[in-house]
Structure formats: C-alpha cells, structure tokens
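Presented below is the structure to which this report refers.
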Amino acid sequence: MRLCKQGLENTDQWEKAGYKLPQYDRMAVAKATKENPFWIHFGAGNIFRAFQANVVQNLLNQGELDRGLIAAEGFDYEIVQKMNRPHDDYSILVTLKADGSIEKTVIGSVVESCILDSGQTEEYGRLKEIFCKDSLQIVSFTITEKGYSLTDGKGEVLPAVKEDFSSGPQKPVSYIGKVASLLYTRYQAGEKPVAMVSMDNCSHNGDKLYAAVSAFAEKWIENGSAEAGFLKYINNKQKVSFPWSMIDKITPRPDASVQAVLKADGVEGLEPVITSKNTYAAPFVNAEECEYLVIEDAFPNGRPALEKGGLMFTERETVDKVEKMKVCTCLNPIHTALAVFGCLLGYHKISDEMKDTELKKLAETVGYAEGLPVVVNPGVIDPKEFIDTVLNIRVPNPFMPDTPQRIATDTSQKLAIRFGETIKAYQASDELNASDLKMIPLVFAGWLRYLMAADDNGMEFELSPDPLLDTVCPYVAGFRLGEQAEVESALRPVLENDKIFGVNLYEAGLADTVCGYFKELIAGTGAVREVLKKYLK
C-alpha cells in the first residue's frame with residue numbers, strides 16, 4: 001500500500017484497512033482545477049492538510065465542488081519536492097479522537113503543488129498563470145505570524161525585503177514580495193477581483209497580510225517599478241479583500257506512534273523528511289477532531305458554499321470577537337502557559353500536564369479567572385463552553401501527541417497577542433485592575449526563566465525556535481540558579497518592550513510582580529515547582 005496514484009488503485013486493500021478514500025473522479029477534478037482554479041493556498045503545512053484540504057475533500061465527495069485545491073510553498077521548497085510530488089499530492093489524515101478511536105482518511109483534494117520561487121521560471125510562470133485566471137476566488141495563507149513580518153527583532157527591514165523594495169516586482173526573493181508580485185500580475189491582467197485570506201493563528205491576520213503587501217506596493221510605486229494604480233487596486237475592497245479569520249485545530253507534528261499504526265496497516269513509504277531548513281514533513285498528519293474556522297465574508301470574486309463543509313462566514317466584528325475569545329483568552333494563552341512550564345518541568349506531552357495538579361490549576365486560572373472576565377461573547381461560539389471543551393476534552397486528550405516544546409516555538413511573537421490584549425482590556429475596564437492579574441505575570445516570569453535553557457532540575461535543554469532568541473536570551477544570560485542577582489536592572493529592557501508583551505509592563509503596573517516571581521523561580525533547583533505550589537494552592 002503506497003500513497004500515490006498507482007498505489008491507490010487497489011481501493012479494496014485500503015478500504016479493508018479502514019481508510020476513507022476520495023469518492024470523486026480525481027483526474028477530472030485535477031483537470032478542471034488546472035483550467036479554472038478557484039483556491040490556491042500558501043503554506044502547505046499540517047493544519048492546511050488536516051483542515052482546509054479535508055473540508056474541500058468532503059465537499060468534493062458530496063458533489064458540492066467540482067474543483068480542488070492548489071498548494072504553494074514559499075519558504076521550504078523541499079516540502080513540495082520531497083513530500084507532495086512523490087506522493088502525487090495525496091496525504092493521510094489521522095484524526096485522533098478523545099475516546100481513543102482513530103479515523104484514517106486519504107486526502108486527494110490537493111491536485112497540484114507549486115513552488116513559490118521567482119528564480120525558477122517554470123514554477124513561477126505557473127503561479128503567474130494561476131493569478132491571471134478569472135476563476136481565482138481565494139488566495140489563502142498559513143505561513144505563521146512571523147511570515148508577514150518585514151522586519152527583524154530589532155525593527156530593521158530584512159535584507160531580502162529591502163532588496164525587493166528597491167528591485168521591484170520582476171524577480172522578488174522575500175515571501176511577501178513574491179506574493180505581492182503575483183498580485184501585481186493579477187492587477188496587470190485586468191484588475192481582476194480576489195480575496196487574500198490569511199488563515200494564520202494571529203490577531204487581525206488580514207490586516208497583517210494587507211500591511212505587508214501594501215508596503216511593497218508603496219515602495220514599488222515610489223521608485224517607479226510598479227504602476228500607481230496597483231495601490232488603488234489593493235485598496236479597493238470591491239477588487240481585493242483581506243478578510244479577517246479565526247482558525248482553531250490542534251495539528252501537532254506527525255507522531256511516531258501514529259506512523260506505527262499506519263505501517264501496521266501495510267502503508268509503505270511513511271518515513272518523514274527533515275529538510276535542509278529543518279522542516280519535519282511526513283506523508284500523514286495527525287490532528288484532533290475539533291475544528292473552527294470563522295471567516296469575514298468578503299469575497300470580491302464570489303466563493304463556493306464552503307459553509308456546507310463546516311466553515312463559518314460572518315461579519316468582521318464577529319470574527320474579531322471570536323478571534324479575541326480564542327487567541328487572547330480561551331485557548332492560546334492556556335497553551336502558552338502550559339508550554340513554558342511544561343518545558344521547565346520536563347513534560348513531553350501537553351496532555352500529561354493536565355494530570356499535574358499545579359499546571360491544571362494554572363491553566364484553569366489563566367482561562368476562567370483571568371481571561372473569561374474580559375471576553376466579549378461573539379454569539380456564534382459560547383466562550384465558557386469553549387474553555388470547558390479546551391480544558392476537559394481537547395488539551396487532556398491522551399491520544400494527541402502534542403508537545404510543550406512545539407507550542408513553545410516563537411513564544412516571543414505570541415505573548416503580545418495571547419496576554420497583552422487581556423492586560424489592555426483590564427486597563428480599559430472601570431471595574432477591573434491590571435495589577436490584580438497574578439497568573440499572567442507568572443507566565444511572563446516563567447518564560448524568562450525558560451530562556452535560561454535549564455529545567456527545574458538544572459539540566460540544560462534546547463530552546464524551541466524563536467526569531468528573538470538572540471535578542472532576549474542575553475538578558476538572562478548572567479543569572480545562575482541559586483545565586484543572588486540584581487533582577488530588575490537586568491530585565492528592565494525586555495519588560496518595557498511593548499512589542500514583546502503588548503504593553504510596557506512598567507506602565508501596566510506588572511513589572512515588579514514579574515521580577516518578584518522571576519527571583520523566586522531562580523532561587524535554586526526545584527524552585528519552579530515550589531513557586532507553582534505557593535501561588536496555586
């Protein structure tokens with residue numbers, strides 16, 4: 001049983017092994033998609049394969065759609081070269097349910113994969129062809145929040161972006177530069193309408209995408225390498241939209257235990273690929289069953305009835321409320337709290353942390369006590385029920401191989417959104433006081449302690465990838481467990497950095513609290529556990 005067009009011809013063998021197979025003529029779908037693409041997605045990672053691709057597959061199975069998806073990769077081309085194309089763009093979705101059952105689905109809705117590289121004439125030419133098509137309705141993204149950033153941790157324009165600003169749209173090298181160039185191609189083809197939909201897990205994601213794309217448009221027009229009408233085009237909501245969205249589905253790194261299940265079924269060629277850019281890619285993805293995707297219904301070129309596949313379409317204000325509910329209070333802050341302390345306490349499964357008395361109480365307090373009071377009910381999803389599901393079903397799911405180490409990735413990019421917005425809401429409230437917050441400052445102090453790259457036993461561990469490690473780690477480099485130290489002066493530069501925390505912690509009245517916690521957390525080995533016990537009685 002091989003995951004490719006030829007290997008899937010023996011449908012009986014796959015079905016007997018319990019796999020759900022595509023129930024449509026994939027060749028016909030691929031042909032129709034190539035001729036008249038309606039949706040191209042940038043960032044063909046785990047969540048895309050587990051969520052959007054599955055939604056489209058279900059709609060194809062039901063006859064609601066007659067065309068599939070095109071995936072494009074602009075960061076790590078090896079994903080397409082070594083994973084997508086060798087498997088004929090098929091993948092396996094393994095849904096791990098809280099009751100212990102699993103569901104195995106062969107996903108065939110992705111019918112073409114492209115490489116976003118302006119240096120490869122054929123690859124880039126195909127993307128330009130797609131962007132010139134009248135039929136194109138949706139250009140979506142899951143490239144992580146940092147994918148939209150045009151500057152480094154010091155606020156300086158990235159070299160590739162700087163180069164693209166001056167050289168124009170002909171042959172850009174930066175990610176968003178290439179996206180902006182393709183959109184310019186669509187503009188030149190007749191100012192054709194399209195929705196540019198960020199589906200990344202960050203606040204006001206559509207605005208981040210718009211800001212990045214418009215920055216290129218402005219620079220190119222300024223230096224005469226693009227027509228002045230391009231900026232008017234992307235600012236015309238009847239032509240180009242940048243909808244907000246909220247996405248939620250836990251899709252951890254493909255796990256060896258899941259691979260073993262598939263291998264026992266007789267599936268061959270499951271070995272993951274670790275690319276030269278250190279991307280871990282496998283022909284399967286494991287995910288939870290819960291999923292939410294709420295999108296602002298702004299599609300200048302129309303859209304299919306994707307709500308029939310479970311997606312929710314609404315107005316921007318509701319998306320904002322749902323996104324804030326999830327990202328700023330009801331899930332993501334809980335995840336980050338567990339990630340930081342899970343790494344410090346030696347956990348390797350997020351679900352195991354929910355068996356830990358102190359960590360479970362930490363998660364509950366961050367969610368219910370400190371987050372819920374400032375949540376605005378979006379109407380389409382009830383916040384209390386959402387947190388109940390997170391804390392009682394989703395995070396404790398023992399069959400989900402999610403790790404605190406994965407969730408700790410890019411924490412410096414997440415704190416401002418996951419906690420800063422809550423602090424701002426407390427500051428703006430007539431009834432609440434930001435200085436009353438206790439667990440959010442503890443998470444901040446825990447993150448600074450985490451940056452010392454030593455667990456609660458004093459054993460060194462590897463920090464998860466983060467673009468600001470070189471910037472923030474020096475602030476804690478002088479501290480040693482069990483040694484007296486002047487904490488406040490060393491930490492001041494980071495604590496007053498509102499780009500990291502969303503607010504200046506001194507102005508918010510929380511800096512002293514964070515410093516006090518940090519001093520206790522570095523008191524010696526075992527101090528992390530003692531601090532949690534002390535404040536989470």
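In what follows, every heavy atom counts, from backbone to side chain, and hydrogens, waters and symmetry copies are set aside. Just so you know, residue 1 is the first one in the sequence shown, and it goes up from there.
- Looking only at side-chain heavy atoms (C-beta outward), Val29 and Thr33 come within less than 4.5 Å of each other.
- With Ser109 contributing its side chain and Leu69 its backbone, the two residues share no donor-acceptor pair below 3.5 Å.
- Remark: side-chain polar atoms of Gln57 are paired, donor with acceptor, to backbone N or O of Gly108 under 3.5 angstrom.
- The number of heavy-atom neighbours closer than 6.0 Å to NZ of Lys263, taken from other residues, nucleotides and ligands shown, is 12 or below.
- Crowding of Asn278 atom CG: a count of heavy atoms from other residues, nucleotides or ligands under 6.0 Å not exceeding 12.
- In this structure, the separation between CG on Asp255 and CG on Leu96 is 8.5 Å, given to the nearest 0.5 Å.
- Salt bridge Asp320/Lys324: present, at least one basic N to carboxylate O contact under 4.0 Å.
- Taking the charged nitrogens against the carboxylate oxygens, Glu123 and Arg85 do have a contact shorter than 4.0 Å, which makes a salt bridge.
- Taking the ring centre of Tyr280 as origin, the terminal cationic atom of Arg253 falls inside the region bounded by 6.0 Å and 45° from the ring axis.
- For the atom pair OG of Ser412 and CG of Leu469, the computed distance is 7.0 Å after rounding to the nearest 0.5 Å.
- Using a distance-only test at 3.5 Å, with no hydrogens or angles considered, a donor-acceptor pair links the side chain of Lys414 to the main chain of Thr409.
- Annotation: side chain of Ile115 is in contact with side chain of Gln81 (closest heavy-atom distance under 4.5 Å).
- A cation-pi arrangement is present between Arg26 and Tyr90, with the terminal nitrogen or guanidinium carbon under 6.0 Å from the aromatic centre and inside a 45° cone about the axis.
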field: salt bridge (charged side-chain N to carboxylate O under 4.0 Å, His left out) between Glu129 and Lys133, intermediate numbers included
entry: CA-CA 7 Å; Glu129 183 181 288; Lys133 291 285 189 178; 5.1 Å; no
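- Contact check for Ile107 versus Ile92: no side-chain heavy atoms found under the 4.5 Å cut-off.
- For the pair Trp14 (side chain) and Glu9 (backbone), a donor-acceptor distance under 3.5 Å is absent.
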task: Begin from the C-alpha positions of Thr318 and Glu315 and carry the test side-chain hydrogen bond (donor to acceptor under 3.5 Å, both in side chains) through to its verdict.
output: CA-CA 6 Å; Thr318 300; Glu315 66 279 353; 2.3 Å; yes
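- With hydrogens and angles disregarded, a donor-acceptor distance shorter than 3.5 Å links the side chain of Glu73 to the backbone of Asp76.
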query: Should His348 and Thr403 be marked as a side-chain hydrogen bond (donor to acceptor under 3.5 Å, both in side chains) after you check the CA-CA gap, both sets of side-chain angles, and the distance that decides it?
result: CA-CA 5 Å; His348 293 281; Thr403 69; over 6 Å; no
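- Remark: the backbone N or O of Leu3 is paired with a side-chain donor or acceptor of His87 at under 3.5 angstrom.
- For the atom pair Gln137 CD and Ile40 CD1, the distance stands at 14.0 Å (nearest 0.5 Å).
- Within the 4.5 Å cutoff, side-chain heavy atoms of Thr185 are placed close to those of Cys132.
- For the side-chain contact (heavy atoms from CB on, under 4.5 Å) criterion with Phe386, the lone passing option out of Val390, Asp382, Thr389 is Val390.
- Ring-centre distance between Tyr184 and Tyr233: not below the 6.0 Å cut-off.
- Applying the side-chain contact (heavy atoms from CB on, under 4.5 Å) test to Lys34 and every residue at least two apart in sequence or in another chain returns Glu112, Arg126.
- A 4.5 Å side-chain heavy-atom check between Asp99 and Phe399 finds every atom pair outside the cut-off.
- Put simply, the residue from Asp410, Asp466, Asp152 that forms a salt bridge (charged side-chain N to carboxylate O under 4.0 Å, His left out) with Lys146 is Asp410.
- Separating the CG atom in Leu136 from the CG atom in Leu182 is a distance of 10.5 Å, to the nearest 0.5 Å.
- Between the side chains of Asn397 and Lys97, not a single donor N or O lies within less than 3.5 Å of an accepting N or O.
- Looking only at side-chain heavy atoms (C-beta outward), Phe51 and Leu293 come within less than 4.5 Å of each other.
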query: Asp200 and Tyr148: side-chain hydrogen bond (donor to acceptor under 3.5 Å, both in side chains), yes or no, with the steps?
result: CA-CA 10 Å; Asp200 271 298; Tyr148 306 102; 2.6 Å; yes
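- Judged purely by atom type and a 3.5 angstrom limit, Asn301 has no side-chain atom pairing as donor or acceptor with the backbone of Val194.
- A salt bridge links Arg303 with Asp297: the distance from a Lys NZ or Arg NE/NH1/NH2 to an Asp or Glu carboxylate oxygen falls below 4.0 Å.
- Classification of Arg394 and Glu288 as a salt-bridged pair holds, one side-chain N sitting under 4.0 Å from a carboxylate O.
- Between Asn201 and Lys326 there is a side-chain heavy-atom pair separated by less than 4.5 Å.
- Salt bridge present: Asp207 and Arg316 bring a charged side-chain N and a carboxylate O closer than 4.0 Å.
- Each of Val285, Leu93, Leu59 was scored for a side-chain contact (heavy atoms from CB on, under 4.5 Å) with Asn54, with one residue passing: Leu93.
- The nearest pair of heavy atoms linking Leu116 to Gly74 is CB-CA, 3.6 Å.
- A donor-acceptor pair is defined here as one N or O able to donate and one able to accept, closer than 3.5 Å; no such pair exists between the side chain of Trp220 and the backbone of Glu227.
- Residue Glu323 holds its CD atom at 10.0 Å from CE of Met325, rounded to the nearest 0.5 Å.
- Cation-pi contact between Lys192 and Tyr187: absent, since separation from the ring centre below 6.0 Å together with deviation from the ring axis within 45° is not met.
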- request: Could you walk me through whether Phe165 and Phe216 pass the ring pair (Phe, Tyr, Trp, His ring centres under 6.0 Å) test, one step at a time?
  value: CA-CA 6 Å; Phe165 277 170; Phe216 281 94; 4.9 Å; yes
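- Atom OG of residue Ser118 and atom NZ of residue Lys128 lie 8.5 Å apart, to the nearest 0.5 angstrom.
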- request: Run the numbers on Val258 and Phe284 for side-chain contact (heavy atoms from CB on, under 4.5 Å), then give the verdict.
  value: CA-CA 9 Å; Val258 175; Phe284 67 93; 3.8 Å; yes
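- A salt bridge does not link Lys349 with Asp402: none of the charged nitrogens is closer than 4.0 Å to a carboxylate oxygen.
- In terms of modelled atom types and a separation under 3.5 Å, the side chain of Thr275 and the main chain of Lys277 share a donor-acceptor contact.
- Here the side chains of Arg49 and Ser91 are in contact, with some heavy-atom distance below 4.5 Å.
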field: Residue pair Ser276, Glu78: steps toward the side-chain hydrogen bond (donor to acceptor under 3.5 Å, both in side chains) verdict
entry: CA-CA 8 Å; Ser276 57; Glu78 290 179 54; 2.3 Å; yes
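- Under the 3.5 Å distance criterion, the side-chain polar atoms of Ser181 are left unmatched by any main-chain donor or acceptor of Pro172.
- Residue-environment remark: NZ (Lys171) stays at or below the threshold of 12 foreign heavy atoms within 6.0 Å.
- Judged by the 6.0 Å distance and 45° axis criteria, Lys104 is positioned over the aromatic ring of Tyr19.
- For residues 294-329, the set of pairs meeting the ring-ring contact (aromatic ring centres under 6.0 Å, His included) definition, not counting sequence neighbours, comprises Phe299-Phe313.
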task: List the steps, then state whether side-chain contact (heavy atoms from CB on, under 4.5 Å) holds for Asn286 with Thr251.
output: CA-CA 6 Å; Asn286 34 243; Thr251 52; over 6 Å; no
